[in-house]
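Let me begin by presenting the structure, written as C-alpha cells, before commenting on it.
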Protein chains: 2
Amino acid sequence: MSYQIPFNKPYLTGKEAHYMYDAVYTGKISGNGKYTQLCQAFLKERYGFGKCLLTTSCTDALEMAAILINIQPGDEVIMPSYTFVSTANAFILRGAVIVFADSRKDHPGMDESSIEKLITPKTKAIVPVHYAGVACDMDLIMSLADKYNLFVIEDAAQAIDSFYTGKDGKKKALGSIGHLAAFSFHETKNIISGEGGMLAVNDPQFMARAEIIWEKGTNRSAFFRGEVDKYGWVDMGSSFLPSEIVAAFLWAQLENLDDIQKKRAEHWNVYHNQLKEWANKEKISLPGLPGFATNNAHMFFIVCSDLSQRTAIIDKLKQSGILAVFHYLSLHNSPFYKDKHDGRELPQTDHYSDCLLRLPMYYELTTKQIELITNTMMK
Amino acid sequence: MSYQIPFNKPYLTGKEAHYMYDAVYTGKISGNGKYTQLCQAFLKERYGFGKCLLTTSCTDALEMAAILINIQPGDEVIMPSYTFVSTANAFILRGAVIVFADSRKDHPGMDESSIEKLITPKTKAIVPVHYAGVACDMDLIMSLADKYNLFVIEDAAQAIDSFYTGKDGKKKALGSIGHLAAFSFHETKNIISGEGGMLAVNDPQFMARAEIIWEKGTNRSAFFRGEVDKYGWVDMGSSFLPSEIVAAFLWAQLENLDDIQKKRAEHWNVYHNQLKEWANKEKISLPGLPGFATNNAHMFFIVCSDLSQRTAIIDKLKQSGILAVFHYLSLHNSPFYKDKHDGRELPQTDHYSDCLLRLPMYYELTTKQIELITNTMMK
C-alpha cells in the first residue's frame, strides 16, 4: 500500500549527490577518507565529544562499545526493555546477560529510579536509551556508575542535537556524557546516510583502542600518523568504518543540520498545539519533557489509553492514506529473550508496547499535512 | 608521496553516480532495497550461490558465518596464517582458537595437505582463503569436512569470478562450494563499492537464520513476505546490510563485470609475458595456477628469493614513481597472536611475508605503463 502521507521520507538537502560524486572522482571510496574526517571533526567540535568514529550503523557503534568495555560471558548489562533489538544484541554477541529495566510512567525512557536495585556484583554497564531524543537523567546514572564502578554507554541513536542540563547547570550534548555513546544515521533519523552510525568515545582510556578495533584490530591509524614503523594485528576488531560515499552523503546532511532541526521543531510544535486539548479529553498522553532535557524533534508520539484506542486511530489514519506506526515490542517478552529474562514484570514497557503511536515526522511535511493528520485523528 | 603509477586506482564504469542518484531520489536509502536485491539476484544467478546477502564488508560476511556455524569459545578454526586479519578476527570475536596452517610451496594459498593433521575433536571449521583469486583444492577440503563433520567457509574476498574444476570435471564458481563464503567489494578488489561485501549461503540449513542474523536478529524479512504476522526479536544478530547507495554503486560495477575482467586479464598477461624470462634468471617466482583453478586477474604478484631482493625492487620502482607493495605479515607471528599460537614454525608463510611483492593492477593501467613497470624492475 502506498500512502498519501508516509510515516517517514528521507530528506535530501541537495548536495548529497554532489559530495558522493566528489568522493567517487577523487578515487578514495573506501573508509576513513576526507568526508569521514570532515564529519567526525564537525560532530566532535559541535557537541564536545571526546573522539568520533563513523560506523556502518548504530548497531556497529554499540558493538564497538561492548568490545571496548571488555564484556565477558556472564557480565550483566542494564538497559530498558523498550528499545531496539540492537541495544541488546551488541552485548548479547559478547555473551552478556541483559537485565531489563522498566520505562518511566511519564516517558518511554528507562525509569532511572529502578536501576540501582538491578545492580549486582556482575553488572558491568548501564545503557540509557534517550528515547525520542529526550535525555535520561544522566546525573543520576553517572553517579550510580561512579558508586558501583560501571560503564555508561549512551544509546543516542535518536538523540543527535539534543541536550541535558545537570545539577551543575551546564548544558551538555547527549552522547558527550557517558564513557561511550552510539548514534544512528539510519534513514529514519534526523540526520541520515541510509545506513550509518557513529561511536563517540568520551573516556580517554578507550580512545587508542577504539581506533584499533575500528581498523580491524590493526594499528593502521597510528602507522599513518607515523607513530609506529609498520602496522599489524594487535587486537580483536572488525571493519566498522563506512564507505566514503556514505560519509559524503552524511556531510551534506550535517551542513544543513540547523535548518533540519528548525523545521522538525516547527512540525513538532504544530502537532502539539493541534492535539493537546483533544488528547486531554481522550486520556491520551502527549510527550512530556523533563526539566533537564531538550527536544530534538526526532519523533512525535502519543500514548493512547489502551491498545484498542491505538488500533482505532491507526485504522482511521490508514483510511485517509496516512501511515502512523507503533514502536518497540517489549524485549523481555520477545521470542528470543523471554526464557532468559528473570521474570520481573515490566508493566510500563508493556504499556508503551501496546499504546504508543508515532505520527509522520519528516522535513518535507507541511503544516497543512499535519493539520490533515491531526484533524483525521480527532474526527 | 604521490605516485605516477599508484598500486591501485578504483575504477568507475560511469553509471555509479547515476544509480546512486536513482537510489537517493526514490527515497529508499537504507538497506535491502531495489539495488541490494538486483545485486544479490545477479550474483546468485551468475555463480550458482545458494543465497546471497550483501554486507557492509567481507569482514562482516565472515562474522555472519561465524555466528551461523555457532562458534563457541574454545572451538578451533583452521585457516592460513598468510591472510588478512579479518579472516581470523571474525572467529576470534566468537571466542574461537585459530589454528594456523602454512602456505603451499608453489602458492601463498593454504597447504591443503597440511590440514588433516591439524584437525582435533575441537575443530569446527576450515577457512580456505583463495589467495589472489586462485582456488584452493576444494575437493580435498570438502572431503575432510565430510570425514570430520566440519564446516567450510570460503574466504573469497579476492575471488569474484574465479572457478574451480573438481574431479567430477564440473567447473564451479569459488564461493559456491563451501557451506558459506565471504566476498569483498573493497575499493582494492576487481568489483568495488568502497567498503562492501557479501555472504553466500550454500548450505540450505543456514538460509533462514542467515536472513535473521542479517536483519539484526529479527524475522523482519519473513514478515515482509507475509510468512509471519508480526516481527520481533528471535535471535542474536547485527546490522550487516549496507546502505542502498552502496548497493547502487555496486550494481554499476556488476553490469560491467565482463569488461572489467577482460581488461584485468589482459594486464595480467602483459605482466607475465614481460617478466617470465627475467624472473627465471633472477630466481623470482611468478604466480602459478594449479590445474583445477582459473585466474580472475585480481592480482599480479612475484615472489622474490629473499627480502633484500624485494626491498631493492620496491625501491627501484619507487624512484620511478611506481608503487608496488608487499602483502600480509604472518598472523601467527603478530603482536596479537604470537603468544596464542601453538608454536609450530610456518616457514612458507614467513617466506611470503618477506618475499611476495604485488605490482600495480587496475583497470585503467595501459600496456605502456605495464611495460614501464616491468622495464624498471628489470633494468
Side-chain angles (χ1 to χ4, degrees), chain A residues 6 9-10 12 16-17 20-21 23-25 27-31 56-60 63 67 73 84-86 88-90 92-95 186-188 192-197 216-219 230 232-246 249 329 331 334-337, chain B residues 6 9-10 12 16-17 20-21 23-25 27-31 56-60 63 67 73 84-86 88-90 92-95 186-188 192-197 216-219 230 232-246 249 329 331 334-337:
Chain A
K9 191 174 165 194
L12 301 173
E16 285 81 1
M20 289 192 297
Y21 249 97
V24 165
Y25 285 102
K28 164 69 177 170
I29 55 168
S30 62
T56 53
S57 62
C58 184
T59 305
D60 275 38
E63 288 174 17
I67 295 172
F84 189 52
V85 288
S86 290
N89 268 329
I92 293 280
L93 281 169
R94 311 300 314 137
H186 184 264
E187 71 171 24
T188 49
I192 63 174
S193 65
E195 305 280 341
K216 307 166 190 80
T218 73
N219 51 353
K230 63 181 178 179
W233 191 25
V234 296
D235 204 336
M236 62 171 67
S238 181
S239 185
F240 289 111
L241 63 182
S243 285
E244 267 292 284
I245 48 180
V246 170
F249 188 103
L329 303 181
L331 292 185
S334 65
F336 182 61
Y337 217 77
Chain B
K9 191 174 166 194
L12 301 173
E16 285 82 0
M20 288 193 297
Y21 249 98
V24 164
Y25 285 102
K28 164 69 176 169
I29 55 168
S30 62
T56 53
S57 63
C58 184
T59 305
D60 275 38
E63 288 175 17
I67 295 172
F84 189 52
V85 289
S86 290
N89 267 330
I92 294 280
L93 281 170
R94 312 298 317 136
H186 185 263
E187 70 170 25
T188 51
I192 63 175
S193 65
E195 306 280 340
K216 307 167 190 80
T218 72
N219 52 351
K230 63 181 177 178
W233 191 24
V234 295
D235 204 336
M236 62 172 68
S238 182
S239 183
F240 288 112
L241 64 181
S243 284
E244 267 292 284
I245 49 180
V246 170
F249 189 103
L329 303 179
L331 292 186
S334 65
F336 182 61
Y337 218 78

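Given the structure is predicted, the values throughout are model-derived calculations rather than measurements. Each chain gets a letter, A, B and so on, in the order its sequence line appears, and its residues count up from 1.
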Next on the checklist: Would B/E63 and A/S238 count as a side chain to side chain donor-acceptor pair (under 3.5 Å) here? Give the steps.
Outcome noted: CA-CA 9 Å; B/E63 288 175 17; A/S238 181; 2.5 Å; yes
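- In terms of modelled atom types and a separation under 3.5 Å, the side chain of B/N89 and the main chain of A/K216 share a donor-acceptor contact.
- With chain B as the partner, the residue from A/F336, A/Y21, A/F240 showing the most heavy-atom pairs under 4.5 Å is A/F336.
- Both the backbone and the side chain of B/D235 come within less than 4.5 Å of a heavy atom of chain A.
- In this structure, the side chain of A/E187 engages the main chain of B/I29 through a donor-acceptor pair within 3.5 Å.
- Using a 4.5 Å cut-off between heavy atoms, A/S193 touches chain B through its backbone atoms (N, CA, C, O) alone.
- Judged by distance alone, the side chain of A/E195 and the main-chain N or O of B/G31 form a donor-acceptor pair under 3.5 Å.
- By number of non-hydrogen pairs under 4.5 angstrom with chain B, the leading residue of A/T188, A/L93, A/I245 is A/L93.
- Of the listed residues (B/R94, B/K28, B/E244), the one with the most heavy-atom contacts under 4.5 Å to chain A is B/R94.
- Taking B/I67, B/T218, B/V234 one by one and counting their heavy-atom pairs under 4.5 Å with chain A, the maximum is reached by B/V234.
- Looking at A/L12, only its side chain comes within 4.5 Å of chain B, counting heavy atoms on both sides.
- Ranked by heavy-atom pairs shorter than 4.5 Å toward chain B, the options A/N219, A/L329, A/V246, A/I192 are led by A/V246.
- When every heavy atom of A/L331 is checked against every heavy atom of B/W233, the shortest pair comes out as CD2-CE3, 3.8 Å.
- Contact count versus chain B (heavy atoms, under 4.5 Å) is highest, among A/P10, A/P6, A/A23, for A/P10.
- If you measure heavy-atom distances from B/S57 to chain A, the contacts under 4.5 Å come from the side chain alone.
- Nearest approach of B/D60 to A/S239, heavy atoms of both residues: OD1-O, 3.8 Å.
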